[in-house]
Number of protein chains: 2
Amino acid sequence: MDTADGTSAEPARARARTRKRAARRTQSASMADVARVAGVSSQTVSRVSNGFPGVNEETRRQVLAAMKELGYRPNSAARALKRGEFRTIGVITFGLSTTGNVRTLEAIATSAAHEGYSVTLLPVAVPTQDEVRGAFSRLGELAVDAVIVILEVHLLDASTLSMPPHVQVVVADSDAGDRYNVVDTDQAGGTRTAVRHLLDLGHRTVWHLAGPEGSYAAQRRTDAWRAELLAAGRTAPPLVRGDWSAESGYHAGLRIAALPDCTAVFVANDQMALGLLRALHESGREVPEDVSVIGFDDIPEASSFLPPLTTVHQDFAEVGRLCVEGVLRQMRQDATEHGTTLVPTRLVVRDSTAPPRAR
Amino acid sequence: MDTADGTSAEPARARARTRKRAARRTQSASMADVARVAGVSSQTVSRVSNGFPGVNEETRRQVLAAMKELGYRPNSAARALKRGEFRTIGVITFGLSTTGNVRTLEAIATSAAHEGYSVTLLPVAVPTQDEVRGAFSRLGELAVDAVIVILEVHLLDASTLSMPPHVQVVVADSDAGDRYNVVDTDQAGGTRTAVRHLLDLGHRTVWHLAGPEGSYAAQRRTDAWRAELLAAGRTAPPLVRGDWSAESGYHAGLRIAALPDCTAVFVANDQMALGLLRALHESGREVPEDVSVIGFDDIPEASSFLPPLTTVHQDFAEVGRLCVEGVLRQMRQDATEHGTTLVPTRLVVRDSTAPPRAR
DNA sequence: GAGAGAGATGTTTACGTAAACATCGGGGCG
DNA sequence: CGCCCCGATGTTTACGTAAACATCTCTCTC
């Protein structure tokens with residue numbers, strides 16, 4: 001009857017469009033469609049969609065009704081193209097193996113969502129210079145306005161970090177020097193508290209089971225451990241190294257257990273501490289009676305270790321939150337002062353530390 | 001002569017454009033810019049950019065040179081708009097707290113990157129129907145072509161999962177029924193192997209420390225545990241429940257330790273098993289001499305527990321890979337047969353299981 | 001040597017949104 | 001009573017890319 005089947009007024013174009021649309025499996029409705037249904041111009045739809053003032057209440061209601069009827073969703077690609085921003089933050093990270101990274105990532109995702117931003121993951125398979133550089137160059141064609149880097153490794157030399165222009169960067173837990181803003185856990189503070197706790201208990205000195213070479217966090221902890229011992233006038237025993245894994249902690253632990261004069265160990269993370277506990281147990285050295293152990297991170301499981309682990313609590317959530325806050329701030333005002341924000345840590349004393357056994 | 005330096009034929013527009021561009025803080029170069037420098041049309045640039053054939057080698061080289069000179073990066077928003085796809089996969093997940101989710105996510109990110117897709121995170125703060133529904137509706141305006149759901153919870157009723165059209169979905173580790181494709185670990189198989197292992201060792205029956213109610217994975221494990229016991233003609237002891245955390249495993253463990261005739265426990269995940277081990281230890285019951293313990297997941301730390309934990313190994317990486325493969329396949333061919341893909345598990349026998357102590 | 005065909009390149013157009021500018025009533029004020 | 005301004009809405013245009021179509025130049029064949 002009426003226009004339903006094309007009155008051939010200007011049928012060619014209209015029909016072509018319809019056909020194409022149908023072929024493209026129920027494409028979602030566009031502003032133009034909503035506008036047609038609501039009997040207004042697409043610009044008015046845009047204004048409603050973006051909550052702009054200056055739209056009559058009655059009109060607004062009609063538009064909203066039309067949107068609902070058609071199930072209209074703004075096309076974010078078109079939006080991004082027009083606005084020149086994606087409302088997306090990229091996170092470059094090497095693996096999600098370490099608890100810390102994951103918790104930070106989670107906090108980032110939550111904070112970002114809260115600010116109306118999405119988070120895109122940029123995994124780096126192997127932490128080599130080339131891989132990292134690759135991730136950064138892929139980044140160029142990626143739909144992100146800003147990037148948060150959680151590579152704790154020492155791979156961020158100046159040449160590597162060449163960002164496309166107007167992409168803001170914040171680096172977590174690393175030493176991006178003065179090129180970028182950094183959010184870091186107070187590694188040094190936490191370490192010194194831990195070492196002091198052991199010394200205060202009466203231990204003559206404190207051994208250290210360190211993280212892998214090349215890790216910034218590991219190095220900071222090692223440096224602070226040594227500094228605190230020296231400040232207390234003690235000599236630092238030789239360094240023992242692991243690779244963050246419980247397994248490596250176990251192997252290192254077997255060596256440590258063989259040292260009769262070792263009464264206290266500061267371990268660079270909780271996983272390795274777990275392995276160390278096992279090694280000490282198997283070697284017949286009791287914790288904390290024979291050896292005191294302190295970890296780092298305070299993973300949820302730490303309170304269930306045998307014995308429950310004294311450890312340094314890190315606030316990963318806060319780190320993530322600050323990273324997001326930092327990027328957003330940088331995006332708003334193109335400010336370029338670089339600095340480091342420190343997130344405090346605190347010592348959680350459980351049952352793996354005690355005064356040395358009287359001899 | 002030619003148009004090369006704008007013979008003031010139409011200078012106004014050109015200049016306006018240049019000015020605007022400069023004002024917009026070094027906007028990156030567009031195809032048109034590259035085309036101008038290379039002395040070709042933008043379409044040719046497009047062809048080079050997309051690796052299409054039919055471009056003269058010499059021309060291609062010039063275009064590539066121009067791209068390099070200008071630091072050209074394709075604008076992904078424009079691309080997405082034109083192509084109607086974002087080359088992005090969204091992952092809806094509740095928290096990243098459980099190891100499994102994280103490992104799966106990591107595998108998803110890696111596989112996706114390998115296929116040229118990005119991964120966007122859609123965190124769900126609290127696993128309530130409303131929250132989940134909210135995440136799904138936000139999804140509508142999100143730049144994703146497909147969605148992978150890793151909510152292991154029973155919150156995926158039909159009404160909740162209303163996807164925008166043409167967005168493909170794959171569900172990991174849950175029971176999306178026949179609405180969506182599902183990739184799931186072979187919970188039942190793993191569980192039955194674990195229970196059988198304990199029965200084969202000579203235990204009269206096997207207790208079960210289950211995961212929280214409402215968790216699909218937990219329920220599957222519980223069902224299979226009961227089924228396997230019945231199949232062997234044993235009676236199933238009363239269920240003990242935790243919430244996946246080591247802490248909850250400890251509390252449940254204290255109760256279990258008080259049961260003198262309990263000689264074998266199948267625990268629904270490794271974290272709870274850790275707590276259980278601690279509770280048993282503190283209660284003076286030795287593992288595996290007094291009580292055998294089997295976990296589920298095979299987290300990296302499991303081999304460092306005291307004693308090293310016998311557990312069911314899950315291949316999270318494979319699950320993630322299959323999820324990506326699944327969504328991509330669905331995107332290519334609009335196939336709509338729904339089914340479940342099972343990823344096998346295997347029992348890893350360590351030191352926490354042994355025959356019951358002879359009485 | 002004329003026509004066909006293939007390869008190389010240019011031109012037009014559309015994707016969906018939103019800024020900028022244009023239009024159109026009507027109410028207040030001199 | 002006429003002018004100006006303001007609120008509400010419509011029209012034009014541009015964002016950067018790529019499909020579709022157009023053109024143009026060779027070369028090969030009969």
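Chain naming here is simple, since letters A, B, ... match the order of the sequence lines and numbering starts at 1 in each.
Taking only side-chain nitrogens and oxygens, A/Asn75 never comes nearer than 4.0 Å to OP1 or OP2 of C/dC15. Distances shorter than 4.0 Å separate none of the side-chain N or O atoms of B/Arg79 from OP1 or OP2 on D/dG16.
With rounding to whole Å, B/Arg73 atom CZ is found 13 Å from D/dT17 atom P. As a whole-Å value, the separation of B/Lys82 NZ from C/dT12 P is 16 Å. At whole-Å resolution of the value, CZ in B/Phe86 and P in D/dT17 are 16 Å apart. B/Met31 places its CE atom 16 Å from the P atom of C/dT11, with the value rounded to the nearest Å. Atom OH of B/Tyr72 is separated from atom P of D/dG16 by 10 Å (rounded to the nearest Å). At whole-Å resolution of the value, CG in B/Leu81 and C1' in C/dA14 are 9 Å apart. In this structure, B/Arg83 places its CZ atom 20 Å from P of D/dC15, rounding to the nearest Å.
Interatomic distance, B/Leu105 CG to B/Thr93 OG1, rounded to the nearest 0.5 Å: 7.0 Å. Distance check, rounded to the nearest 0.5 Å: CG of A/Leu121 to CD1 of B/Ile89 gives 12.0 Å.
The C1' atoms of five pairs define one axis at each end of the helix from C/dG1-D/dC30 to C/dG30-D/dC1, and these two axes lie 50° apart (to 10°).
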Distance-only donor-acceptor hits, side chain of residues 317-325 of chain B, under 3.5 Å, sequence neighbours excluded:
from	atom 1	to	atom 2	distance (Å)
B/Glu318	OE1	B/Arg321	NE	3.2
B/Glu318	OE2	B/Arg321	NH2	3.1
B/Arg321	NH1	B/Glu325	OE2	3.1

In residues 61-70 of chain A, what donor-acceptor pairs under 3.5 Å come from side-chain atoms, sequence neighbours left out?
from	atom 1	to	atom 2	distance (Å)
A/Arg61	NH1	A/Glu58	OE1	3.2
A/Gln62	NE2	A/Glu58	OE2	3.4

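A/Ser46 meets the side-chain contact (heavy atoms from CB on, under 4.5 Å) test with A/Met31, A/Gln43, A/Asn50; sequence neighbours excluded. A search for side-chain hydrogen bond (donor to acceptor under 3.5 Å, both in side chains) contacts involving B/Ser118 returns nothing, not counting sequence neighbours.
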Show each protein N/O and nucleotides 7-9 of chain C N/O combination with a separation under 3.5 Å, one pair to a line.
from	atom 1	to	atom 2	distance (Å)
C/dT9	OP1	B/Thr59	OG1	2.4
C/dT9	OP2	B/Asn56	N	2.8
C/dT9	OP2	B/Thr59	OG1	3.3

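Remark: side-chain polar atoms of B/Ser49 are not paired, donor with acceptor, to backbone N or O of B/Val45 under 3.5 angstrom. Between the side chain of A/Asn181 and the backbone N or O of A/Val170 there is no donor-acceptor pair closer than 3.5 Å.
When all heavy atoms of B/Ala112 and B/Val119 are compared, the closest pair comes out as CB-CG2, 3.6 Å.
Taking the side chain of B/Gln43 as heavy atoms from C-beta on, and the options C/dG16, C/dA19, C/dT11, the nearest nucleotide is C/dT11.
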